[in-house]
Amino acid sequence: MATNEHGVDALLPGRLGMVVRLVSHPGARLALLDAVNRYADNLEQEPGTEAFVVSLDPEDKDVAWLVEWFTSSEAFEDHRKAHAFADLMKELPNLLSQPPAILRMDPLRMFIQKDLVDGAF
């Protein structure tokens, strides 16, 4: 990982990641986001979960997207065994109108602008 005057630039060999599409019951996206954010508040229990991004779908008020990646397949397994993840998995069936859609990916490179790294947001 390189930090310079522009930000952080890192190659990410060996990472395992995914993009997850979550569709809430009509009008229930806030409840879904509450559950996902409570899970995210406990990510320190998963040191191998290197990135976790929650996004809103601008075209569908019932959809949220997650982008996450893990330092290794072992870290991914640790994620799936974490207590906070188990709690989230108990909540999701009541919040989702359909099963999560999961797209597997292998992150290759990451760049984060200096202002974000420096906490200027």
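Values below: every heavy atom of this structure, side chains too, minus hydrogens, waters and symmetry copies.
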Asks: Could you grab the distance from atom CD of Glu44 to atom OG1 of Thr49, nearest 0.5 Å is fine?
Replies: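 Here the rounded value is 11.0 Å.
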Asks: Looking at Val53, Val20, Ile102, which hits side-chain contact (heavy atoms from CB on, under 4.5 Å) with Leu66?
Replies: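 That would be Val20; it is the only one of Val53, Val20, Ile102 passing the side-chain contact (heavy atoms from CB on, under 4.5 Å) with Leu66.
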Asks: Checking Leu22 against Leu95 for the side-chain contact (heavy atoms from CB on, under 4.5 Å) test, could you report, in this order, the C-alpha distance in whole Å, the side-chain angles of both residues, the deciding distance, and whether it holds?
Replies: CA-CA 9 Å; Leu22 301 173; Leu95 300 170; over 6 Å; no
Asks: Hey, are the side chains of Asp87 and Asn42 touching, using non-hydrogen atoms and a 4.5 Å cut-off?
Replies: no
Asks: Locate the shortest heavy-atom distance separating Met110 from Leu12; write the atom from each residue and the value.
Replies: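 In terms of heavy atoms, the two residues are closest at CB-CD1, 3.7 Å.
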Asks: Under 4.5 Å between side-chain heavy atoms, counting indirect links through other Ile/Leu/Val/Met/Phe/Trp/Tyr residues: same cluster for Val54 and Val63 or not?
Replies: no
Asks: Show the numbers, then the answer: is there a side-chain contact (heavy atoms from CB on, under 4.5 Å) between Arg29 and Asp60?
Replies: CA-CA 10 Å; Arg29 184 168 72 175; Asp60 189 330; over 6 Å; no
Asks: Would you call the rings of Phe85 and His79 parallel, tilted or perpendicular if under 30° counts as parallel and over 60° as perpendicular?
Replies: tilted
Asks: I need the minimum non-hydrogen distance between Met105 and Val19, along with the two atoms involved.
Replies: SD-CG2, 4.0 Å
Asks: Atom CZ of residue position Arg80 - does it have more than 12 heavy atoms of other residues, nucleotides or ligands inside 6.0 Å?
Replies: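 No.
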Asks: Same cluster or not: Leu92 versus Met18, using hydrophobic residues (I, L, V, M, F, W, Y) connected whenever any side-chain heavy atoms lie under 4.5 Å apart?
Replies: yes
Asks: Kindly compute the distance separating CG (Asn94) from CG (Leu32), expressed to the nearest 0.5 Å.
Replies: 12.0 Å
Asks: So, do Gln98 and Arg21 sit near enough that their side-chain heavy atoms are less than 4.5 Å apart?
Replies: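 Yes, at least one pair of side-chain atoms sits under 4.5 Å.
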Asks: Please work out which of the three classes, parallel, tilted or perpendicular, describes the rings of Phe70 and Phe76, given edges at 30° and 60°.
Replies: perpendicular
Asks: Nearest 0.5 Å, what's the CG-CZ distance between Asp106 and Arg15?
Replies: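 These two atoms lie 11.5 Å from each other.
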Asks: Which residue in the set Trp69, Tyr39, Trp65 passes ring-ring contact (aromatic ring centres under 6.0 Å, His included) when paired with Phe52?
Replies: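 Considering Trp69, Tyr39, Trp65, a ring-ring contact (aromatic ring centres under 6.0 Å, His included) with Phe52 is found only for Tyr39.
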Asks: Quick one: pull up CG in Asp78 and CD in Glu74 and give me the separation to the nearest 0.5 Å.
Replies: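 Rounded to the nearest 0.5 Å, the CG-CD separation comes out at 8.0 Å.
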Asks: Please give me the minimum heavy-atom distance between Gly17 and Pro107, naming the atom from each residue.
Replies: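 Taking every non-hydrogen atom into account, N-CD, 3.8 Å.
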Asks: Ignoring hydrogens and angles, tell me if any N or O in the side chain of Asn37 forms a donor-acceptor pair with the backbone of Leu33 under 3.5 Å.
Replies: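 Yes: the side chain of Asn37 pairs with the backbone of Leu33.
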Asks: Considering all heavy atoms of both residues, which atom of Glu91 and which atom of Ala35 are nearest to each other, and what is their separation?
Replies: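 Closest approach of Glu91 to Ala35, heavy atoms only: OE1-CB, 3.6 Å.
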Asks: Any chance you could measure Asp62, atom CG, to Ser97, atom OG, to the nearest 0.5 Å?
Replies: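 The distance works out to 7.0 Å.
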Asks: Answer yes when Asp9 and Arg109 have at least one side-chain N-carboxylate O distance shorter than 4.0 Å, and no when they do not.
Replies: yes
